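The structure appears right after this line, and notes come after that.
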Protein chains: 2
Amino acid sequence: MDNSISTDRKKRRGTQHVACDDCGLFPLCNPIDLGGREFSMADEFVERRQPLAAGEHLFREGEPFSALYAVTSGALKLINLTEDGQELVVGFVLAGETLGQTGIYPQRYPCSAIALEDSHVCELPYGSLKETSSQVPALSQNFQSMMQKENFDLHRQFAMLMARKNAEQRLSAFLLNLSMRLDERGYSGEEFSLPMSRDDIANFLGLRKETLSRLFTKLHQTGAIAVRGKHIRMLDMETLRDASGLPRHIA
Amino acid sequence: MDNSISTDRKKRRGTQHVACDDCGLFPLCNPIDLGGREFSMADEFVERRQPLAAGEHLFREGEPFSALYAVTSGALKLINLTEDGQELVVGFVLAGETLGQTGIYPQRYPCSAIALEDSHVCELPYGSLKETSSQVPALSQNFQSMMQKENFDLHRQFAMLMARKNAEQRLSAFLLNLSMRLDERGYSGEEFSLPMSRDDIANFLGLRKETLSRLFTKLHQTGAIAVRGKHIRMLDMETLRDASGLPRHIA
DNA sequence: CGGGGAATTGAATACGTTCAAAGGCCGTGG
DNA sequence: CCACGGCCTTTGAACGTATTCAATTCCCCG
């Protein structure tokens with residue numbers, strides 16, 4: 001069996017942008033399909049493809065909510081800070097995915113968003129969205145749909161990761177979740193590059209980085225995945241699904 | 001210190017209903033505040049207070065999505081079934097809370113909902129909601145707000161429970177989460193009755209019931225909570241917050 | 001009062017963590 | 001282009017925590 005991953009390491013750091021059609025914000029940028037007359041938020045209000053250096057904050061926990069964002073390239077992590085300054089990773093946002101929605105209700109961002117690598121984001125000011133959507137039913141409708149999908153995704157991720165007992169199940173479920181999400185955005189869910197460090201994954205999954213490392217080697221040795229640093233190839237999805245302990249239709 | 005819980009066990013099983021004002025579905029039942037003219041879904045479409053026996057299904061995983069629900073009394077659990085027929089508890093719905101929203105996007109319920117005790121639910125058919133909301137902006141607006149709050153709640157619960165490493169943190173966070181949610185609906189968040197079995201909690205938290213049991217006794221002995229079967233009194237919230245390892249502003 | 005499921009407790013085992021050390025990758029500077 | 005240094009990752013061994021399996025107790029309900 002071929003467990004190897006090509007050793008030439010071209011830098012993928014935040015280079016290729018996701019296609020607009022694959023972006024989670026697309027239905028809000030271009031709500032043309034239902035509107036009767038043509039209309040595009042993108043041209044009017046969306047601040048497109050702002051660069052974000054690795055490690056830079058997009059927004060900070062507690063800041064007043066002001067806009068929705070979509071990641072067009074790169075990836076971010078969402079974190080909370082504990083009293084003693086420790087990070088608590090509560091999520092990852094991949095290229096094509098949106099962030100900021102959770103701040104709408106409390107009017108503040110409930111977590112900080114930090115770029116994991118050099119990234120680009122599109123910014124949609126919430127004021128403009130709200131104002132325009134009151135006049136453009138199609139936009140309002142698409143916004144509604146977006147929140148519904150978001151809700152579903154959150155619930156699914158919760159179901160995937162919450163009740164996983166042992167570390168192997170957690171990691172398997174995590175990898176499957178990533179793979180699904182990459183697929184959804186037009187990337188390969190079979191071979192990809194992890195944008196986050198082992199530490200971040202461990203923190204997110206409630207494990208130690210050492211445990212995680214052992215698990216990666218274990219999954220590698222059993223032939224379920226091929227690992228070379230951050231590069232992952234999903235070799236045996238079936239085994240992973242079994243290892244995750246998840247119902248087939250979820251994973 | 002008084003670690004005792006009154007020993008008279010009156011049956012609270014699904015007796016008192018939550019007040020309509022405290023119900024998560026209220027903004028959809030009565031979107032009068034913005035509408036100009038008075039209007040109420042409740043009178044027209046909402047099927048009110050349907051009884052549900054303990055153990056009975058409200059809906060099943062995979063069924064076509066048809067309606068939103070609010071629990072007016074009692075409580076439900078949300079579960080997925082694994083291939084081999086094992087339950088995977090993915091959430092609990094308390095009196096005053098809503099369920100079904102996660103089915104909107106995929107057009108199917110992604111999990112089954114089972115009554116934990118004799119309960120009552122109000123049913124709002126989604127067809128009626130959608131139709132009416134296209135004519136009543138206030139309703140549409142409130143629906144939007146509901147999804148936004150739902151999104152926030154899900155994210156918060158995810159943040160609270162996901163990265164909790166050890167069992168004590170998980171249980172503490174779980175109890176704090178329950179307490180918050182009860183408070184929100186006008187119940188006492190300080191003293192309450194767990195509607196679910198130890199097994200269900202353990203399943204949800206990814207622990208064994210034996211471990212859970214030991215933790216309950218431990219928290220009881222340290223004086224953080226008072227436990228008598230399903231009755232819980234939160235004696236020392238500060239200790240619990242510390243034990244949960246959560247940032248203060250979340251817990 | 002008695003039966004049965006749920007909850008608790010106990011002892012041995014398995015698993016994940018901890019602390020320490022070594023290895024590998026990458027950017028920097030020679 | 002290669003050597004150096006730092007950081008991230010991997011590996012090792014001892015320890016601590018959660019799990020397992022079994023036995024007992026507690027409650028709820030008839």
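Only a predicted model underlies this, so the values are computations on that prediction, with no experimental measurement involved. Sequence lines set the chain letters: A, B, ... in the order given, protein chains first and strands last, and positions in each chain run from 1.
We find that CG of B/D199 is positioned 12 Å from P of D/dT20, with the value rounded to whole Å. Between A/N166 atom CG and C/dC15 atom P the separation is 8 Å, expressed in whole Å. The interatomic distance linking A/H231 (NE2) with D/dT9 (C1') rounds to 16 Å, in whole Å. The separation between A/K218 atom NZ and D/dT9 atom P is 21 Å, rounded to whole Å. In this structure, NZ of B/K209 is placed 11 Å from P of D/dC21, rounded to the nearest angstrom. What separates CZ of B/R198 from C1' of D/dC26 is a distance of 12 Å, to the nearest Å. Between B/M196 atom CE and C/dA7 atom P there is a gap of 12 Å when expressed in whole angstrom units. Rounded to a whole Å, the CG atom of B/N203 is 16 Å from the C1' atom of C/dA6.
Distances were taken from every side-chain heavy atom of B/R208 (C-beta onward) to each of D/dT19, C/dT17, D/dA18; the shortest belongs to D/dT19. Counting only heavy atoms from C-beta on, B/E210 has its side chain closest to C/dT9 among D/dT9, C/dT17, C/dT9. Side chain of B/S197, nearest nucleotide from D/dA18, C/dA7, C/dC25: C/dA7. Distances from the side chain of A/S213 to the nucleotides D/dT11, C/dT8, C/dG16 place D/dT11 closest. Checking D/dT9, D/dA18, D/dT20 against every side-chain atom of A/K230, the shortest atom distance belongs to D/dT9.
A/R214 has no side-chain polar atom (N or O) that falls below the 4.0 Å cut-off from OP1 or OP2 of C/dG16. Proximity of B/T211 to the phosphate of D/dA18: no side-chain N or O atom is located under 4.0 Å from OP1 or OP2. Phosphate proximity of C/dT9 to B/T217: present, with a side-chain N or O under 4.0 Å from OP1 or OP2.
Counting only distance, with no hydrogens or angles, the side chain of A/S112 and the backbone of A/E61 share a donor-acceptor pair below 3.5 Å.
Counted within 6.0 Å of CZ on B/R48, heavy atoms from surrounding residues, nucleotides or ligands total 12 or fewer; the atom is thus considered open.
Applying the salt bridge (Lys or Arg N to Asp or Glu O under 4.0 Å) test to pairs two or more places apart or on separate chains, those with a residue in residues 199-217 of chain A are A/K77-A/D200.
A/T72 and A/H120 share no donor-acceptor pair across their side chains, judged by distance under 3.5 Å alone.
Every residue two or more places apart in sequence or in another chain that forms a side-chain contact (heavy atoms from CB on, under 4.5 Å) with A/R108 is listed here: A/P64.
Between A/Y187 and A/F192, the gap from one ring centroid to the other reaches at least 6.0 Å.
Taking the charged nitrogens against the carboxylate oxygens, A/R181 and A/E184 have no contact shorter than 4.0 Å, which rules out a salt bridge.
When the C1' atoms of four end pairs are superposed on the next four at each end of the helix from C/dC1-D/dG30 to C/dG30-D/dC1, using five pairs per end, the two resulting axes differ in direction by 40°, to 10°.
B/L212 comes within 4.0 angstrom of nothing in the nucleic acid, heavy atoms only.
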